Amino acid sequence: MKMTEQNSKTPSKFQRGSYLFSRVQASGKGLFPLCLSLVHWLLTFFTDSFIFRVPVSSNPFDYIICKLIVLFILFFFYKTLFHLLSPNRKHHTIYSICKASLPYLIPMAAVLIFKLPQGFLSNDETIIYDAAIHLEHYTWFTYLTVYYYIVSLMLLPFWAAPIILKVLFQIFVCGYCVNRLNNYISKKYGIFIYFIFLLFPVLAYTTSAHRLPLYFLLYLFVSFCLLMDHVEGVSLTVGKVFFLLLASALLTQWRTEGIYLFLFMPILLLLVYPELRTKKKVGFFFFIYFSFQYIISIPQNGILPLGLDAQANNRMGPFYAYTITNMYRNGLDLEKNKKDLENVDPFLSIEAIEKINEYYEDINYEDVLILYEPNFIGTREGSTPEDYTTYTSACKNIFLNNIDVFIKTRWGAFLYSALPYHIVLPDKEISSYLSSLLSFIKTLSYCLFLPCFVLLSLWIYSIVKKRIYTFFFTSGLL
C-alpha cells in the first residue's frame with residue numbers, strides 16, 4: 001500500500017512535460033517563439049537558392065519587403081504553435097478554431113490529392129509564378145499577387161507552395177466561421193458553414209492560387225469578423241486594429257471592384273466598434289486608416305503616383321475589348337458609330353470582332369477571348385501607344401452614346417454567368433438519374449440569382465428596419 005501511494009504521487013511523463021512546457025512558456029513570454037522564428041527565417045535565406053532563379057540584387061526592394069513579411073508570418077506561426085502545445089491550450093481561441101477546422105481538412109486533403117498533380121489551374125497563375133521566381137516587380141495582377149507567391153515560395157521552397165498555403169488559409173477561414181457561429185448560436189448552425197465551403201464553386205477553385213480565390217477568402221474572413229463582432233459587441237484590441245486596417249487596404253487595392261471599400265470600410269469599422277467614435281480617437285483613426293491605404297499603394301503606384309490615370313486606363317484594356325466585342329453583336333448601330341469604330345480598328349481589328357462573334361457568339365461572355373484565343377486575336381501587331389489612346393477614347397464614346405446597348409450587354413453577361421450550368425433531365429438509364437442529380441446540385445451551386453436575391457432582400461430589410469450596418473454592408477456588395 002505504501003508503494004502504491006508513493007507511485008500515485010509520482011508525476012507521469014506527460015505531467016512532467018506539461019510542467020516543463022509551462023515553465024518555458026512562463027519564462028519566455030514570447031521570446032521562445034521569436035527565437036524559433038528567427039532561426040527558421042535565417043534558414044530561408046539558404047532555401048531561397050532552390051527556388052529563385054535570379055540573385056537578390058536584381059530586385060532587393062521587393063525581396064526585403066517579402067522577407068520581413070515572412071518573419072512576421074513565422075512569428076505568428078510559432079506563437080500559435082506554442083499556444084496549441086501549451087497545457088492550457090483549450091483556453092486559447094486558436095485551439096477552438098483549429099478544432100473546428102479539422103472536419104474540413106479531410107475533404108481538402110482529398111481534393112489536393114486529386115487536383116494538385118494537375119498543376120496551376122490557369123495560364124495566369126503560371127505567369128505569376130514565373131514572375132515570382134525571377135523576383136520581377138510584376139503589377140498587371142497587382143504586385144500583391146506576386147508578393148503572395150514570393151512569400152509562399154520563401155516559406156515552402158517548391159512550386160506548389162502558393163496553392164498549399166491558400167488551402168491552409170481556406171481551412172482556417174472555414175474553422176474560424178464555424179467557431180464564431182458555434183459560440184454565438186449553436187453547433188447545429190455552425191455545421192451549415194461546412195456545407196457552404198463544400199459547394200462546387202469553392203471546391204472547383206481549391207487549388208487555384210489566383211487573385212479571386214485569395215481575395216474571396218480574405219473578404220469572407222474580414223466580413224464575418226466584423227459581422228460577429230457587431231452582433232456580439234466585441235471590443236477592439238491593438239492586434240485586431242492592425243489586422244483590420246491592413247486587410248482593409250488589401251481588399252481595397254487588390255482588385256478593382258474593391259475600390260468601394262475605400263470609403264465603406266471606415267464607416268463599417270466605426271459602426272462595429274463604438275470606441276473608435278470618440279473625439280480623441282476618430283481623427284487619429286482616419287489618419288492611420290488612410291496612411292495604411294497609401295503605404296500599401298506605393299509598390300503599385302509609386303510614392304508620388306504620377307501618371308496614375310494612364311496606368312488605370314491601361315488596366316482597363318481588357319474591359320474595353322470585352323465590352324466593345326459583345327456590344328458589336330448586341331445591336332450596336334454600326335452606321336451611327338462609324339467614326340468611333342474606325343478609331344477602334346487600328347488597335348483592335350473590327351474584322352476580328354466580327355469573326356469571333358460569328359464563331360463563339362455568347363461564349364464571348366466568358367472571357368476576353370479576343371485578346372488571346374488562337375486564330376481570333378484582335379489586337380494588331382505594330383499598334384502604337386497613340387493607337388491605344390485613340391482606341392480607348394473611341395470605346396468610351398461608344399459606351400456613353402449607346403447606353404441602351406451597353407446595359408443590354410452588361411445584363412447579357414450577368415445572365416450568362418449567373419446560370420452557367422443547366423439541369424439535365426434523366427432518361428431511361430439508371431445512371432442518368434445520378435447525372436441529373438449532380439447537374440441539379442451544380443446548377444444550384446453556381447446560380448447567382450439566389451445570393452443576389454438574398455442580398456437584395458437584406459438591403460430592403462435594412463432600410464425598412466433602419467439597420468445601418470446591414471445597409472452599408474449589403475450596399476457595397478450590390
Side-chain angles (χ1 to χ4, degrees), residues 17-52 56 59-99 101 105 132-133 135 143-173 175-176 209 214 217-218 221-222 225 237-247 249-250 292 295-296 299:
S18 298
Y19 174 76
L20 181 62
F21 191 93
S22 62
R23 294 293 297 171
V24 171
Q25 187 181 38
S27 60
K29 294 182 179 179
L31 185 62
F32 193 60
L34 178 60
C35 291
L36 282 176
S37 58
L38 282 171
V39 172
H40 190 159
W41 184 65
L42 292 172
L43 184 63
T44 63
F45 285 90
F46 170 71
T47 57
D48 284 348
S49 60
F50 299 136
I51 194 71
F52 297 111
V56 176
N59 187 1
F61 177 80
D62 288 334
Y63 184 84
I64 291 171
I65 292 177
C66 289
K67 272 297 176 193
L68 293 175
I69 295 172
V70 167
L71 179 59
F72 176 81
I73 293 172
L74 287 173
F75 176 73
F76 177 78
F77 170 75
Y78 283 110
K79 187 76 173 176
T80 300
L81 193 61
F82 218 58
H83 287 319
L84 292 175
L85 295 176
S86 67
N88 62 337
R89 55 186 172 275
K90 292 184 179 180
H91 299 291
H92 292 290
T93 303
I94 191 65
Y95 174 82
S96 300
I97 294 173
C98 291
K99 187 177 178 181
S101 301
L105 180 63
I133 61 175
L135 296 176
Y143 80 94
L144 292 168
T145 310
V146 181
Y147 270 26
Y148 169 76
Y149 272 64
I150 292 174
V151 169
S152 300
L153 295 169
M154 287 177 173
L155 290 167
L156 301 172
F158 68 107
W159 72 268
I163 298 174
I164 298 296
L165 292 182
K166 182 261 180 182
V167 172
L168 290 176
F169 184 53
Q170 184 169 321
I171 294 170
F172 171 80
V173 173
Y176 176 83
L214 293 165
L217 290 171
L218 182 60
F221 183 40
V222 173
C225 175
T237 62
V238 175
K240 182 173 282 188
V241 170
F242 176 82
F243 165 74
L244 290 173
L245 289 173
L246 177 61
L250 294 176
F292 265 78
I295 292 169
I296 295 298

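All figures in this text were calculated on a predicted structure; none of them were measured in a lab. Numbers here are sequence positions counted from 1.
- For P157, the side-chain contact (heavy atoms from CB on, under 4.5 Å) test picks out T47, I51, with sequence neighbours left out.
- Taking 4.5 Å as the limit, some side-chain heavy atom of F243 sits within range of a side-chain heavy atom of V222.
- Between atom CG of residue D48 and atom CE of residue M154 there is a gap of 5.0 Å, rounded to the nearest 0.5 Å.
- A side chain to side chain contact (heavy atoms under 4.5 Å, CB included) with L155 is found for one member of T44, I69, L74 and no other, namely L74.
- How far CG of L168 is from CD1 of I163: 12.0 Å, rounded to the nearest 0.5 Å.
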ring-ring contact (aromatic ring centres under 6.0 Å, His included) between Y78 and F32, worked out = CA-CA 9 Å; Y78 283 110; F32 193 60; 9.0 Å; no
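- Shown here are the ring pair (Phe, Tyr, Trp, His ring centres under 6.0 Å) partners of F61, two or more places apart in sequence or in another chain: there are none.
- Here the closest non-hydrogen pair linking S101 and G175 is OG-CA, 3.2 Å.
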Walk me through it: do V39 and C35 pass the test side-chain contact (heavy atoms from CB on, under 4.5 Å)?
-> CA-CA 6 Å; V39 172; C35 291; 5.6 Å; no
Given side-chain contact (heavy atoms from CB on, under 4.5 Å), test L214 with F169 step by step and report yes or no.
-> CA-CA 9 Å; L214 293 165; F169 184 53; 5.6 Å; no
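- Across P162 and Y149, no two heavy atoms sit closer than the pair CG-CD2, 3.5 Å.
- Side chains of I133 and W159 form no contact here, defined as non-hydrogen atoms less than 4.5 Å apart.
- Note: F77 CZ to L36 CG = 10.0 Å, rounded to the nearest 0.5 Å.
- Counting non-hydrogen atoms of neighbouring residues, nucleotides and ligands closer than 6.0 angstrom, the CZ atom of F76 reaches no more than 12 such neighbours.
- Aromatic ring centroids of F221 and F172 lie under 6.0 Å apart.
- With a 6.0 Å cutoff to the six-membered ring centre and a 45° limit on the axis angle, K67 counts as a cation-pi contact of F45.
- Using modelled atom types, no side-chain atom of Y147 and backbone atom of D62 make a donor-acceptor pair closer than 3.5 Å.
- Taking CG of L135 as the start and OH of Y63 as the end, the distance is 8.0 Å to the nearest 0.5 Å.
- In this structure, the ring pair (Phe, Tyr, Trp, His ring centres under 6.0 Å) partners of F242, at least two apart in sequence or on a different chain, are F292.
- Residues passing the side-chain hydrogen bond (donor to acceptor under 3.5 Å, both in side chains) test with K166 are Q170, sequence neighbours excluded.
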List the steps, then state whether side-chain contact (heavy atoms from CB on, under 4.5 Å) holds for I296 with Y143.
-> CA-CA 10 Å; I296 295 298; Y143 80 94; 3.6 Å; yes
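- Atom CG in L245 sits 13.0 Å away from atom NZ in K240 (nearest 0.5 Å).
- Looking only at side-chain heavy atoms (C-beta outward), Y176 and C225 come within less than 4.5 Å of each other.
- Within a 6.0 Å radius of CZ in F50, other residues, nucleotides and ligands contribute more than 12 heavy atoms.
- Rounding to the nearest 0.5 Å gives a distance of 14.0 Å between CD1 of I97 and CD1 of I171.
- Listed by first and then second residue, the salt bridge (Lys or Arg N to Asp or Glu O under 4.0 Å) pairs involving residues 32-45 amount to none (not counting sequence neighbours).
- The side-chain hydrogen bond (donor to acceptor under 3.5 Å, both in side chains) check on S37 picks up nothing, with sequence neighbours excluded.
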